[in-house]
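Everything numeric here is computed off the predicted structure, so don't read it as measured data.
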Amino acid sequence: MLQRLIRFFQKAPKEQTDEHGIVLDSVPNHVAIIMDGNGRWARKRGLPRIAGHRAGMQTVKEITTAADDIGVKVLTLYAFSTENWKRPTDEVDFLMRLPEEFLRLELATLMKRNCRIRILGYPEGLPEHTRRVVRDAELKTKDNTGLILNIALNYGSRAEMLHAVKQIAQDVADGKLQAEDIDEQTMDDALLTRGLPDPDLMIRTSGEVRLSNFLLWQVAYTELWFTDMFWPDFKREDFFHAIREFQGRGRRFGGLK
């Protein structure tokens, strides 16, 4: 018996890792990131908050490229929440123009990488110039089959769930759905993330340890990873470090491994 076990483990295939130590066959399908700390990064350097947001835009480029390089299928970035409208008007105005600047600079590269851009949120609440540029990016990349770059813009999870519940209730009232047939899949299909896998890993920068109304339904069994680094300081190697830690965890989804 012992000899058979020894032979079994000797024949077991070794995990294939890349140059970053990432196991290639267990890369998370979906990574979500709360990009926090731009303002504090700027304040620490005596700069206006908008300087932190512009620096954070460079990190978006770097991490999107890193995720694509290792085979992540969906990258969801929390760019602007439904609560962020409470910020000073000049900061909000700047944030509403950042998508235009980012896409003007990076859309060609995203197209070459076969990336698809999706906006997760409620575009009707955005300024017209912001709606126009993100709608154009979605249309130009809609047939791409690589990494989905999911940009959460004017997004809030509670609003998303309320909207989904109202839609389901209307379907029941219209006779399209029976109440007893409502299940988790019904809810999944009514959410803005329909058709996408739930996040395997959620990263939050800046030292804050909370979800901030982000993908609350979808992260029920997501692995959480927090770092004290501000978003503009978060680099490619830091992202790979988070992936390696994710790969070292045991995911049981409520059962036994």
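Heavy-atom minimum distance, C115 versus T141: O-CB, 3.5 Å. Closest non-hydrogen pair, T193 versus E160, comes out as N-OE2, 3.8 Å. Between G21 and Q247, the shortest heavy-atom distance links the atoms O-OE1, 4.4 Å. Heavy atoms only, all atoms of each residue included: M161 and L216 are closest at CE-CB, 4.0 Å. What you find for A79 and N84 is that their closest heavy atoms are O-OD1, 4.5 Å. In this structure, P232 and A55 approach most closely via the heavy-atom pair CB-CB, 3.9 Å.
Within a 6.0 Å sphere centred on CZ of R97, other residues, nucleotides and ligands contribute 12 heavy atoms or fewer. Residue-environment remark: NZ (K235) exceeds the threshold of 12 foreign heavy atoms within 6.0 Å.
When the ring pair (Phe, Tyr, Trp, His ring centres under 6.0 Å) test is applied to W231, the partners found at least two apart in sequence or on another chain are F234. Residues passing the salt bridge (charged side-chain N to carboxylate O under 4.0 Å, His left out) test with R158: none are found, sequence neighbours excluded. With sequence neighbours excluded, no residue forms a ring pair (Phe, Tyr, Trp, His ring centres under 6.0 Å) with F94. Checked against side chain to side chain contact (heavy atoms under 4.5 Å, CB included), A42 has the following partners two or more places apart in sequence or in another chain: L47. The side chain to side chain donor-acceptor pair (under 3.5 Å) search around E101 returns R54, not counting sequence neighbours.
Applying the ring-ring contact (aromatic ring centres under 6.0 Å, His included) definition to pairs two or more places apart or across chains, those involving residues 17-76 are H20-F240. The stretch residues 115-126 participates, sequence neighbours left out, in no salt bridge (charged side-chain N to carboxylate O under 4.0 Å, His left out) pair at all. Within the structure, every pair that satisfies the salt bridge (charged side-chain N to carboxylate O under 4.0 Å, His left out) test and touches residues 30-40, not counting sequence neighbours, is listed here: D36-R40, D36-R204, R40-E208. Annotation: side-chain hydrogen bond (donor to acceptor under 3.5 Å, both in side chains) contacts involving residues 170-179, sequence neighbours excluded, comprise Q170-D174. Residues in residues 105-115 take part in these side-chain hydrogen bond (donor to acceptor under 3.5 Å, both in side chains) pairs, two or more places apart or across chains: D68-R113, D69-R113, N114-T145. Pairs passing the salt bridge (charged side-chain N to carboxylate O under 4.0 Å, His left out) check and including a residue from residues 180-190, sequence neighbours excluded, do not occur.
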Might you work through the side-chain contact (heavy atoms from CB on, under 4.5 Å) test for K73 and L147, ending with a clear yes or no? CA-CA 5 Å; K73 293 181 174 60; L147 170 75; 5.8 Å; no
Evaluate the side-chain contact (heavy atoms from CB on, under 4.5 Å) criterion for residues L192 and H163: first the C-alpha distance (whole Å), next the side-chain angles of each, then the deciding distance (0.1 Å), finally the verdict. CA-CA 9 Å; L192 295 172; H163 185 273; 5.9 Å; no
How far apart are the C-alpha atoms of V23 and Q16, what are their side-chain angles, what is the distance that settles it, and do they pass the side-chain contact (heavy atoms from CB on, under 4.5 Å) test? CA-CA 6 Å; V23 181; Q16 296 295 311; over 6 Å; no
Stepwise side-chain contact (heavy atoms from CB on, under 4.5 Å) test for D233 and T59: CA-CA 8 Å; D233 291 326; T59 302; over 6 Å; no
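When side chains are defined from C-beta on, M187 counts as touching I168, because their heavy atoms get closer than 4.5 Å. Side-chain contact between T64 and L110 is present, with at least one heavy-atom pair separated by less than 4.5 Å. Put simply, the side chain of V72 reaches to within 4.5 Å of the side chain of I70, judged on heavy atoms. Considering only heavy atoms from C-beta on, L201 comes within 4.5 Å of W225 through its side chain. Looking at N213 and E83, their side chains come closer than 4.5 Å, going by heavy atoms from C-beta outward. For the pair I22/V27, a side-chain contact is recorded, criterion being any heavy-atom separation below 4.5 Å from C-beta on. Proximity of V60 to L77: side-chain heavy atoms (C-beta onward) are separated by under 4.5 Å at one or more points. Using a 4.5 Å heavy-atom threshold, the side chains of V74 and P197 count as touching.
Using bins of under 30°, 30° to 60° and over 60° for the plane-to-plane angle, the ring pair F214/Y78 lands in the parallel bin.
Hydrophobic clustering (side-chain heavy atoms under 4.5 Å, transitive across Ile, Leu, Val, Met, Phe, Trp, Tyr) groups W217 together with V219. In this structure, L105 is a member of the same hydrophobic cluster as I117, with clusters built from ILVMFWY side-chain heavy atoms closer than 4.5 Å. There is a path of hydrophobic side-chain contacts, each under 4.5 Å, that joins L215 to L224. The hydrophobic cluster containing I34 does not contain L75, counting ILVMFWY residues as joined when their side-chain heavy atoms lie under 4.5 angstrom apart, directly or transitively. F230 and I33 are members of different hydrophobic clusters when ILVMFWY side chains are connected at heavy-atom separations under 4.5 Å.
Between atom CD1 of residue I243 and atom CG of residue D238 there is a gap of 12.0 Å, rounded to the nearest 0.5 Å. To the nearest 0.5 angstrom, T222 atom OG1 is 9.0 Å from F246 atom CZ. Distance check: L120 CG to I151 CD1 gives 10.5 Å after rounding to the nearest 0.5 Å. Here the straight-line distance linking atom CD of Q58 with atom CD1 of I63 works out to 12.0 Å at 0.5 Å rounding. Taking OH from Y155 and CZ from F80, the interatomic distance works out to 15.5 Å, rounded to the nearest 0.5 Å. Atoms CG and CG, from D18 and L24 in turn, are 5.0 Å apart once rounded to the nearest 0.5 Å.
A side-chain donor from one of W85 and N154 sits under 3.5 Å from a side-chain acceptor of the other. Using modelled atom types, one finds no donor on one side chain facing an acceptor on the other under 3.5 Å when comparing E237 with H241.
Put simply, the side chain of D228 never gets that close to the backbone of S206: no donor and acceptor are under 3.5 Å apart. Between the side chain of T65 and the backbone N or O of K61 there is at least one donor-acceptor pair closer than 3.5 Å.
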Solution key, residues 132-140 side-chain donor-acceptor pairs under 3.5 Å, sequence neighbours excluded:
from	atom 1	to	atom 2	distance (Å)
D136	OD2	K140	NZ	3.1
E138	OE2	I119	N	2.9

